[in-house]
Amino acid sequence: MTTENSGSNEEDFKFFGLGGCNEVGRSCHIIEYKNKVIMLDAGMHPALSGHASFPFFDEYDLSKVDVLLISHFHVDHSASLPYVMQQSNFRGKVFMTHATKAIYRWLMQDFVRVTSIGNAKNDGSGGGSSEEGGNLYTDDDIFKSFDRIETIDYHSTMELNGIRFTAYHAGHVLGACMYFIEIGSLKVLFTGDYSREENRHLQAAEVPPVRPDILITESTFGTGTLEPKAELEKKLTSHVHATITRGGRVLLPVFALGNAQELLLILEEYWEKNEDLQGVSVYYCSDLARKCMAVYETYTGIMNDKIRLSSTGDSTTKSNPFEFKYIKSIKNLSKFSDLGPSVVVATPGMLQAGVSRQLLEKWAPEQKNLVILTGYSVEGTMAKDILKEPQVIPSANNPDLSIPRRIGVEEISFAAHVDFQQNSDFIDKVSPSKIILVHGDSVPMGRLKSALLSKYSSRKGTDKEVKVYNPRNCEELCIAFKGLKVAKVLGSLAEEQLQLLKSEIEQLVDDAEDGGKITEIKHEGDMDVDSNRPITTINTTTTTTTFKPGQAVSGVLVSKDFDLNLVQLQDLSEFTQLSTSIIKSKINLKINADISLMVWHLEQMFGYVNILNDDDEEWECIIMDTVDIFIDKSKGPGLFITVEWINDNLMADSLADSIVAILYSIDSSPASVRLTSRPHSHSHSHVKSEPGVDEERPQLRHQDSIESRIEKIALLLKSQFGDALENLPEDKSTITVGKSVANVDYRSLQVECASKVLKDRVENVIKRGCSLSAPLSMPAK
């Protein structure tokens, strides 16, 4: 596992490659952040067969995946999708563009058919058995998975459970897109396969308008340089023309979609310009030919300007560039008359099976023929092997049979990928701080990493440092990411802040020195939660100031997924679609005491009890304007008490808990026993009774005086020592326990006693009395 050190305010972004890391094929990547999981592509390896061609699905729990984003329809990026959706524990949602979905079903059906045929005829050595390869998934799996796939438009943003993603043109094939993903404040750009060069029918890949924090990009050609399109086209047509002139045949293995359409447009134009070739047949041989060409005719609106303009004009100028005059589409070789020179554009592009492999084996022994490889060739495929110009090639249907190879071999790559310069320029434009390289063999990928690190070496150790990673399959990469938490201030709370900012602006103008004046005011309307700082900047001719208001901003902070909104309570419903309600708690209890005793206990703690009602039926009071106490006098004997309070803050709950605890302790309190059994030995003449209240009740209204506190401490000592305590004049008393005598001075709170045990006990009681005699609140005025 590769990881970076995390700070206290940082969270880990995790990347886990299930395929396509340090290899080309079976692209499938997992990214995790803030408990959100996204899978990027689900391909198969074209050089492998059976389950070995799948990404390493067993290494990850697919049930955790929230969203699966498919970049384009090529086999190495999407062919394992039916398996993932129908035969694994994946339960997330799948998205791709409209054009990708339109082509996907036909491409997958053809893939299943070709794979099954190849495996059924294979003896198990080199292509896999039918049991291993042909039953990975079925047509039924494709149909069921197809119905669950959702589509996304270019430049539209989808949001799902806090995950936002936007599709941008990737320029690779029709419908290919790169995804700009946002999870909270983290921004990730996944390019998929992309091309920064416009071709005959597709526009170049776009540069998203927002800078990503992390870029996941292809590294197919590493530090290699591709030839300009014009030179490639000239080289292609020259080789084709020369081969036909000498009576040979030309095989162009292609992917059914993508570079096939590009090559057909080039050949159509070349045949139009060269009358001597117009008698030579050009075939596009693919079972998908008609179906997929119909899709291309439908989606001309997302192609480049030339195609869009030619297909959207009036009836006299409107034309469909994919209605070919010189190219014939055929499903298979049964309608192919192999007589004389010809050009065949055939699938599949890797020459593993199908029509292209049949024609290769048929034409290989003749030196006048030519095979031109126009796409990227993956290691382990016949396309890659034949580039080495071997003496013989094995038969696809019978590996023990060797076929002599005399056919000419040329590589003219029209693969719609970026070379080093294009990739490097794109990285400069999007300006990420972290780059993860995928979709490249280990050697070119390693060279690209070294070249990028060298390019950005001057930034190392600074806050603009660029880090480059090239993880391997099943190797977890953890990147520490410190996100900025920003809350939008809405409603009346925002208006208050704007008024405050206006006052600050006016003050800044008044205090401007040397004739400084405001030239720009920038207010984003957001609040940095970490610093309580509105994101508002004022530029003057002398300085740039960021406001830091002294007053705190308080409101209700509403979090939805990763969005934070700060509003006042009254604006909650309007701006968040949330409703508010008041929760009132109620506790019923019974105690065996009278009201006056209960009030006395409450006053010892809170100092003042606000009595609201006292009639023959009911008694009610409120404590600290928060907790209501009701007594139903008709139920007797004893007190049937109801305690009510509104749960709007922790203080109210804590206060209510304290009151309930006091009420429950009244029956067992020693002070209650002595107050209800007989009067005290000293006078209470200084205590005033509330007007209109029964004088026999010990109604001790709080007097924040020394006498009141002395009285309470004396009561506490009396409850502890009973008859052992004797009160003396001048606020003194003695406590006699056996032969030990303790002299207590209430004024100085000094205790004199020869017995340390008795002295400590008396001092602890006095200490508790001092604490309890200080009320929690002042009396009401």
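The basis for the numbers below is simple: all heavy atoms, side chains too, and nothing from hydrogens, waters or symmetry mates. This structure is a prediction, so every number in the text was calculated from the model and none was measured.
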Nearest heavy-atom approach of S219 to L448 is CB-CD2, 3.4 Å
Decide, yes or no, whether a salt bridge links E159 with R164 under the criterion of side-chain N to carboxylate O below 4.0 Å. yes
Could you tell me if D12 and Y33 have a donor-acceptor pair between their side chains, going purely by distance under 3.5 Å? no
Taking every heavy atom of D66 against every heavy atom of N35, the minimum-distance pair comes out as OD2-O, 4.1 Å
Are side-chain heavy atoms of I587 and W645 found at a separation under 4.5 Å? yes
Are the aromatic ring centres of Y194 and F426 under 6.0 angstrom apart? yes
Around R211, counting heavy atoms of other residues, nucleotides and ligands shown, do more than 12 lie under 6.0 Å from its CZ? yes
Regarding S433 and K464, is there a side-chain donor-to-acceptor distance under 3.5 Å anywhere? no
Under 6.0 Å between ring centres, would you say that holds for F16 and H29? no
Tell me whether R26 is salt-bridged to D41, with the criterion being a basic N under 4.0 Å from an acidic carboxylate O. no
Side-chain contact test, heavy atoms from C-beta onward, threshold under 4.5 Å: evaluate it for I436 versus L215 and give yes or no. no
NZ/K93: more than 12 non-hydrogen atoms of other groups inside 6.0 Å: no
Do N22 and N473 have side-chain N/O donor and acceptor atoms under 3.5 Å apart? no
Any carboxylate oxygen within less than 4.0 angstrom of a Lys/Arg side-chain nitrogen, looking at E644 and K586? yes
Would you please indicate yes or no on a ring centroid separation below 6.0 angstrom for F180 and F165? no
Please state whether the rings of Y154 and H169 are parallel, tilted or perpendicular, taking 30° and 60° as the class boundaries. parallel
Residue pair I30 / I38, side-chain heavy-atom distance below 4.5 Å: no
Any donor-acceptor pair under 3.5 Å linking the side-chain atoms of D632 with those of W619? no
